Amino acid sequence: MTASSHARPSLADFVPVHGRPNPVDAFFHAADHLRIGAIVHLAGKAPDLASLRSHIADHLDRLPVLRCVFAQDGWREQQPDLTHHVRETVTTCLNAAVGELTATPFDPGRSEWDLTLIHGYADDAYVLFYRVHHGVHDWAGIAHTLETLFGPVPRSSATIAPGGRRPTPRHYAVAARLLASTASRSTIWPLPPFTGSGQRVFHWENLPLNWLDHPDASRADVYAWGIARSVADWAAEHRLDFPRDAVEITIAANLRHPHEAAAVGSRMVPVRFRLPADDLRACAQQLLQVKHAGTKSALRNLNNAVPSLLGRRLTRQAARPAWGNLAVSSLYLRNPLAFTSHPVTRIEPLMVRADSYPLVTLAVTYQNQLSVCFVSDPALPGMDTLHQRWRNQITHLHHAH
């Protein structure tokens with residue numbers, strides 16, 4: 001299906017291009033290394049670069065994120081040079097190509113995204129590696145970009161369904177408590193005697209989605225509990241003073257409404273939980289707070305009501321080590337994707353780690369598979385094996401049920 005068969009976007013889709021970046025966008029953009037993305041695996045023979053560029057050009061009018069430039073005084077629109085942004089890499093080692101691209105900064109003065117066709121490592125498979133600066137988009141925005149380019153889709157995976165009723169006082173109380181907890185100092189991190197290295201180690205894990213099935217918790221709950229449990233086990237192995245009954249994690253709550261599907265910038269709010277590492281059911285009960293539509297509406301309203309100056313102050317504060325903890329997020333892509341006749345077989349996320357966070361994970365569900373990106377700080381001994389610990393936790397849970 002071509003772009004011409006779709007209605008043109010409403011004005012609301014374009015407004016963010018001309019609006020001011022919010023404090024979170026400005027904070028993310030201040031760090032050059034905060035690049036996120038998607039490693040999109042497809043079955044079939046790699047297409048020629050010209051046809052891929054033509055395909056992207058056909059969809060530019062529906063994706064303002066691909067034609068904007070970040071500026072402190074507002075988003076500026078800039079028509080992208082697709083010979084620069086859409087590239088090709090031929091390699092015999094996919095992991096090496098992904099690693100090299102992951103470490104490559106964007107060119108200043110241009111829209112901060114690229115799409116690289118990676119092929120040569122297999123006869124009947126290739127990768128489209130999409131990257132974008134986190135100051136320009138969040139991962140829900142990436143989901144919308146992928147579905148726009150490789151859909152069509154009946155309903156965007158990037159957005160939440162707005163609550164049918166106004167939030168109640170109880171919803172506001174829960175939302176206020178979550179936001180207040182997020183704005184407080186961590187009771188765990190940084191862990192003495194370790195200090196941050198400023199370096200990042202990337203690992204990926206892929207599991208069948210049904211391995212996370214459990215009668216007492218959702219799959220997203222099982223994923224988050226597995227992270228909390230793995231970190232607690234890691235701390236015990238290294239004899240660190242670490243509370244197993246209150247493992248601090250921060251979850252990015254997606255608040256992107258349907259009319260903001262194509263909006264530039266972040267539409268998420270970080271909320272902090274203290275999860276008991278040895279009680280999956282209790283973890284699920286805690287995480288249930290942020291899933292309710294009324295609580296999400298209250299979070300959105302309260303977050304929008306924060307004055308810009310205070311928002312910038314809180315965002316800068318979150319970058320300090322005493323406010324850091326584990327960042328654990330997930331997203332579900334509900335729609336099958338393809339490029340021409342080539343189906344997308346797997347989507348692996350690329351996530352980033354701000355210096356104040358010892359570990360960041362992002363899980364993406366696509367076509368009955370769960371792919372998780374782990375980004376850790378090598379200053380913490382053994383933390384780079386956490387992806388294996390997590391896999392072992394989920395495997396054990398699966399076989400136990």
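Treat the numbers as computed from the prediction; the structure is a model and nothing was measured.
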Review point. Please walk me through it: do R244 and D233 pass salt bridge (charged side-chain N to carboxylate O under 4.0 Å, His left out)?
Key: CA-CA 8 Å; R244 291 188 68 90; D233 289 350; 2.9 Å; yes
Check your understanding: Between R200 and D377, does a side-chain contact (heavy atoms from CB on, under 4.5 Å) hold up when you go through it step by step?
Key -> CA-CA 5 Å; R200 288 147 194 90; D377 188 339; over 6 Å; no
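- Between the side chain of H134 and the backbone N or O of H137, at least one donor-acceptor pair lies under 3.5 Å.
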Check your understanding: So Y130 and V40, side-chain contact (heavy atoms from CB on, under 4.5 Å) or not? Walk me through it.
Key -> CA-CA 8 Å; Y130 173 67; V40 182; 5.6 Å; no
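- The distance from the CG atom of L117 to the CZ atom of F129 is 13.0 Å, given to the nearest 0.5 Å.
- Here the side chain of Q369 pairs a donor or acceptor atom with the backbone of T345 at under 3.5 angstrom.
- Although no hydrogens or angles enter the test, the distance criterion places a donor-acceptor pair under 3.5 Å between the side chain of R256 and the main chain of A263.
- Under 4.0 Å is where a charged nitrogen must lie from a carboxylate oxygen, and between R53 and D81 no such pair does.
- Taking the side chain as every heavy atom from C-beta outward, W225 and L275 never approach each other to under 4.5 Å.
- Checking side-chain atoms of S218 against main-chain N and O of D221 turns up a donor-acceptor pair under 3.5 Å.
- A salt bridge links D213 with R219: the closest approach of a Lys/Arg side-chain nitrogen to an acidic carboxylate oxygen falls below 4.0 angstrom.
- T182 places a side-chain N or O within donor-acceptor distance of the main-chain N or O of R272, the cut-off being under 3.5 Å.
- Annotation for L101 and R131: closest pair O-NH1, 2.7 Å, computed over non-hydrogen atoms.
- A donor-acceptor contact closer than 3.5 angstrom is absent between the side chains of D384 and S376.
- Between H119 and V90, the closest side-chain pair of non-hydrogen atoms falls below 4.5 Å.
- Note on ring orientation: taking the six-membered ring where Trp is involved, the planes of W113 and H85 are parallel (angle under 30°, cut-offs 30° and 60°).
- Residues H144 and R62 approach most closely at NE2-O, 4.3 Å, considering heavy atoms.
- Residues C283 and F273 are not in side-chain contact: their nearest non-hydrogen atoms beyond the backbone lie 4.5 Å or more apart.
- Side chains of Y172 and N301: a donor-acceptor N/O pair is present below 3.5 angstrom, by distance only.
- Counted within 6.0 Å of NZ on K291, heavy atoms from surrounding residues, nucleotides or ligands total more than 12; the atom is thus considered enclosed.
- Counting heavy atoms from C-beta outward, T159 and P258 have side chains that approach closer than 4.5 Å.
- Dense packing is recorded around CG of N210, with more than 12 heavy atoms of other residues, nucleotides or ligands lying under 6.0 Å away.
- Side chains of N206 and E348: a donor-acceptor N/O pair is present below 3.5 angstrom, by distance only.
- Here the side chain of H257 pairs no donor or acceptor atom with the backbone of H259 at under 3.5 angstrom.
- Atom CZ of R67 and atom CD of Q79 lie 7.0 Å apart (nearest 0.5 Å).
- A 4.5 Å side-chain heavy-atom check between N95 and Y121 finds every atom pair outside the cut-off.
- Considering all non-hydrogen atoms of both residues, A224 and I249 come closest at CB-CD1, 4.3 Å.
- Shown here is R281, whose CZ atom has no more than 12 heavy atoms of other residues, nucleotides or ligands within 6.0 Å.
- Atom OG1 of T104 is separated from atom CG of D114 by 8.0 Å, given to the nearest 0.5 angstrom.
- Between the side chains of H171 and T168, a donor-acceptor pair is found at a separation under 3.5 Å.
- Below 30°, between 30° and 60°, or above 60°: for F242 and W189 the angle between ring planes is above 60°, a perpendicular geometry.
- Atom CD1 of residue I36 and atom CG of residue D138 lie 6.5 Å apart, to the nearest 0.5 angstrom.
- Distance alone, capped at 3.5 Å, is enough to place a donor-acceptor pair between the Q286 side chain and the R274 backbone.
- Between the side chain of S54 and the main chain of A50, no donor-acceptor pair closer than 3.5 Å is present.
- In this structure, the side chain of N254 engages the main chain of A158 through a donor-acceptor pair within 3.5 Å.
- Aromatic ring orientation, H55 versus F150: parallel (interplanar angle below 30°, classes split at 30° and 60°).
- The number of heavy-atom neighbours closer than 6.0 Å to NE2 of H238, taken from other residues, nucleotides and ligands shown, is above 12.
- At a threshold of 4.5 Å between non-hydrogen side-chain atoms, the residues I118 and I39 do not count as touching.
- Closest approach of A284 to A217, counting heavy atoms only: CB-CB, 3.8 Å.
- Residue Q78 qualifies as enclosed at atom CD: its count of foreign heavy atoms under 6.0 Å is above 12.
- Inter-residue side-chain proximity for L337 and I347 is flagged as met; some heavy-atom pair is nearer than 4.5 Å.
- With W204 contributing its side chain and H387 its backbone, the two residues share no donor-acceptor pair below 3.5 Å.
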Check your understanding: Step by step, would you call L115 with L128 a side-chain contact (heavy atoms from CB on, under 4.5 Å)?
Key -> CA-CA 7 Å; L115 180 68; L128 295 176; 4.0 Å; yes
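- Taking all atoms of both residues into account, the shortest heavy-atom contact from Y366 to N335 is CE1-O, 3.3 Å.
- Using a 3.5 Å distance cut-off with no hydrogens or angles, the side chains of N325 and T250 do pair a donor with an acceptor.
- Separation of atoms CD (Q285) and CG (L280) is listed at 10.5 Å; rounding is to 0.5 Å.
- Residues L94 and H41 come closest through the heavy atom pair CD2-CE1, 3.8 Å.
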Practice item. Would you please test E237 and R389 for side-chain contact (heavy atoms from CB on, under 4.5 Å) and show each step? Key: CA-CA 12 Å; E237 184 178 295; R389 292 180 183 271; 2.8 Å; yes
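- Taking 4.5 Å as the limit, every side-chain heavy atom of V375 sits out of range of all side-chain heavy atoms of Y357.
- How far CG of L299 is from CD of Q289: 10.0 Å, rounded to the nearest 0.5 Å.
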